[in-house]
Every structure is written in structure tokens, then in C-alpha cells.
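Both backbone and side-chain heavy atoms feed into the values below; hydrogens, waters and symmetry mates do not. All values reported here derive from a predicted model rather than from experimental measurement. Remember, it's 1-based here, ligands and their atoms both numbered in the order they're listed.
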Amino acid sequence: MIVEQIWTGNAYRNFNYLIVCPQTGEALAVDPLDYEKCLARAKDNGWQITQILNTHEHGDHTGGNGPMIKATGAKLLAHKNAKDAIEGIDVGLGAGDIVKVGRTVELLALDTPGHTMSHVCMLSQTETPALICGDTLFNAGAGNCHGGGHPNELYDTFASQLDKLPDNTLIYPGHDYITNNLQYTLDREPDNEAAAKLLDELTASHDPESAMVTSLAQEKQINTFFRLTSATVIERLREAFPDLAESPSQREVFVKLRELRNSW
Ligand SMILES: [Zn+2]
Ligand SMILES: [Zn+2]
């Protein structure tokens, strides 16, 4: 399996992806907003885009569908409950569905509500799993919930699905927000040495054209939304929310971290 990350360079800092079967050259385009860049990258490599996957219904993920379908005749896949929000879905996906790309690639659909209520993440069935996570999980961050989502459901998605994936799962998010998100992690947990070290490195070298790909194990060190039992996180949270319980639940910490992030 080839995962080709395409930096759009737009103001929203979107990443698009091509998931490619190396044997047949068939490709699935993920959220191909910058359809011209995606088409050019496919052409340069001799790949044929036969499917489009939208992780969710927001315009910065679906905006390239029309011209991409016109150029390739690709079939459109998205969450089955997004049919009223996304025009022209050919295949509606639910939890556990498998999407095949060419002969060698299989992607497992995860139903991951929270950022919106009809959001899918795709998990490659490979020795080193790759997670295409749209706006659910970002490098060092989590999606917001003010475009049709709910922080409680986002917490459930993190706790019951993402948290349980293998440590070596590679993370391919829908946006490049890593440096900003690391700053938020450090705002919440100033003694997080892994986050501080990575931010230092990226301040010198970050280039979204060849972005670093984190693993889930690394996210659990640098992403405040996975650090719900950190004593520093809880202590700092109490400064903003003096009524916070002595030992708050992980859900409560997550939802409050999400709330603070909205105005940070
Ligand atoms: Zn979104
Ligand atoms: Zn987005």
C-alpha cells in the first residue's frame, strides 16, 4: 500500500491523500479538495483514481468531488448517514465495512462521531496500520465540535476506538495543525518534555510538503487529548475550572480540554 500525502497549501491547511495499490496502480482519493494536485500526482505516478472517500461532510473535504468525478468517473464513498449532506454518494459506509483498492489494499471503516456525527476514519489492514482520520484526530490535537459535532461523542470515539488501536498505527490527519497543537499541549502541560522537544525540532524544520508522520504511541505522549490522567493537565485545568472534582473522570477532562481549546 502506498499512502501519498498531498499538501494543498490552502488557508485551511488541508492534507489530501491518495491510497494506492502498488500492483495495479488503482487509487482512492481521500477528501480531494485540491483535485488538480491530486490528479497531477496520480498522472505523474501512473495511478488511476477509481474511488473518492470523504471522511465527513465539511466543504473543505467534499469541495473537490464534482470535478474529480468528472475527470475520473470515480465512485464516491462516505458515511451512510451523510447522504443528505454530501451529494452523489455511491457507497454509504458503516462500521466494519471493508473498502478494497486494487488487489492489495483493504481499508476498514470506523464510525467515528464527534467532529461531525457522520464521520468515518479508515484503518488499513496492513502490518503497520495506517489511520486516515480526517478531522477526528490531528497530530497533537483533536477536531473541534462546532460544525455539527459533540465533545461527548468525540471523547467516546477517542476512548473506545482510537485509544485501542495498535501503538504503531500511523496517523494521517485531514489538516496540518501540528505546531499550533503542540503549543496547546504545552499550554496545558508545560512539563511535557516530548511535546517541547518535538516543537523545537519542528520550529526549525517543519515542512508540510513532507510532513512528519506520527504514530499512535507518539500521539499518546504529545497530544493533550490522550493525556487525560496527567497530574499537570488536571492541576492546570483546575485553575480554569475551580469546581473540578478531586479525581475528575477522563471524560470530564477531555470535554473541558476541548472547551478551552475553542477559545485558546
Ligand atoms: Zn471538518
Ligand atoms: Zn477539515
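Panel detail: the Zn ion (ligand 2) has protein N, O or S atoms under 2.8 Å away, 4 in number.
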request  = Test side chain to side chain contact (heavy atoms under 4.5 Å, CB included) on F226 and Q221 and set out the steps.
outcome  = CA-CA 8 Å; F226 280 120; Q221 292 186 309; over 6 Å; no
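In summary, D156 and R251 engage in a salt bridge, as defined by a charged side-chain N under 4.0 Å from a carboxylate O.
Outside the 6.0 Å centre-distance limit, the rings of F15 and H175 are not counted as a close aromatic pair.
Residues P190 and R236 form a side-chain contact, since some pair of their non-hydrogen atoms from C-beta on lies under 4.5 Å apart.
For H115, the N/O/S atom at the shortest distance from the Zn ion (ligand 1) is named NE2.
Of all heavy-atom pairs spanning A140 and I178, the tightest one is CB-O, 4.4 Å.
More than 12 heavy atoms of other residues, nucleotides or ligands sit less than 6.0 Å from atom CZ of F241.
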